Amino acid sequence: MRNNDWGQRDRERSIRKPSETRRIAFVGDSFLEESSLVPVSLLVEERLGAGNEVLNLGVSASHPVDYLAVVENVAIPLNVDEV
């Protein structure tokens, strides 16, 4: 899996949340970012089915304080419904 335009191991995403979509953000460290051949966010998105979008916002070598910054500065501006 390649990195998207945002630098994440995820498919390409738009900044604007698609209409009629529940947007979920996965925030974490390298276990989220690099732990499997297919990112867990994509596996969960597939299992949830249509109408759900799961963003991979994992960052290697990060800690809980960093997660808060990702939520405040990235996830919330992306109009996520759940983190």
Side-chain angles (χ1 to χ4, degrees):
M1 160 117 315
R2 296 181 43 226
N3 289 356
N4 64 16
D5 286 346
W6 298 355
Q8 301 301 117
R9 284 185 67 226
D10 198 356
R11 66 181 176 84
E12 292 300 329
R13 307 290 182 170
S14 65
I15 291 175
R16 172 174 265 153
K17 182 173 81 170
S19 63
E20 305 296 320
T21 299
R22 182 172 117 206
R23 182 175 261 185
I24 302 164
F26 278 14
V27 177
D29 61 10
S30 60
F31 289 110
L32 175 59
E33 184 185 29
E34 302 172 352
S35 65
S36 64
L37 293 176
V38 178
V40 68
S41 56
L42 291 179
L43 296 173
V44 170
E45 183 177 280
E46 182 179 308
R47 294 279 282 201
L48 290 173
N52 294 284
E53 183 179 55
V54 181
L55 307 177
N56 180 355
L57 300 180
V59 178
S60 292
S62 57
H63 303 285
V65 172
D66 302 316
Y67 307 156
L68 178 60
V70 170
V71 169
E72 290 177 340
N73 298 310
V74 181
I76 290 173
L78 289 172
N79 197 28
V80 298
D81 298 297
E82 300 174 48
V83 176

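Residue indices begin at 1 and follow the sequence shown. All values reported here derive from a predicted model rather than from experimental measurement.
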Practice problem: Output yes when Arg22 and Glu82 qualify as a salt bridge under the 4.0 Å nitrogen-oxygen rule, no when they do not. | Solution: yes

Quiz item: What are the two closest non-hydrogen atoms of Asn79 and Lys17, and how far apart are they?
Solution: O-CD, 3.5 Å

Quiz item: Of all heavy-atom pairs between Asp10 and Asn56, which one has the smallest distance, and what is that distance?
Solution: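 Taking every non-hydrogen atom into account, OD2-N, 3.0 Å.
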
Quiz prompt | Residues forming a side-chain contact (heavy atoms from CB on, under 4.5 Å) with Glu20, sequence neighbours excluded | solution =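 For Glu20, no residue satisfies side-chain contact (heavy atoms from CB on, under 4.5 Å) once neighbours in sequence are set aside.
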
Quiz item: With sequence neighbours excluded, what pairs up with Val44 under the side-chain contact (heavy atoms from CB on, under 4.5 Å) test?
Solution: Phe26, Val40, Leu48, Val54

Self-check item: Verdict with supporting geometry, Leu78 and Ile15, side chain to side chain contact (heavy atoms under 4.5 Å, CB included)
Solution: CA-CA 6 Å; Leu78 289 172; Ile15 291 175; 4.0 Å; yes

Main-chain N/O of [Y] paired to [X] side chain as donor or acceptor, under 3.5 Å:
| X | Y | result |
| --- | --- | --- |
| Ser62 | Ser60 | no |
| Asp81 | Arg23 | yes |
| Ser14 | Arg16 | yes |

Self-check item: same_hphob_cluster(Trp6, Val71) at 4.5 Å side-chain heavy-atom cutoff
Solution: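 Per the 4.5 Å side-chain linkage, Trp6 and Val71 are co-clustered.
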
Quiz item: Under a 4.5 Å cut-off applied to non-hydrogen side-chain atoms, are Tyr67 and Leu57 in contact?
Solution: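 Not in contact.
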
Self-check item: Distance in Å, Asn3 CG paired with Glu12 CD, rounded so as to fall on 0.5 Å steps
Solution: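 If we round to the nearest 0.5 Å, Asn3:CG and Glu12:CD are 9.5 Å apart.
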
Quiz item: Pick one: which of Val70, Val80, Val74 meets side-chain contact (heavy atoms from CB on, under 4.5 Å) with Val27?
Solution: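 Going through Val70, Val80, Val74 one by one, the side-chain contact (heavy atoms from CB on, under 4.5 Å) with Val27 is satisfied by Val70 alone.
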
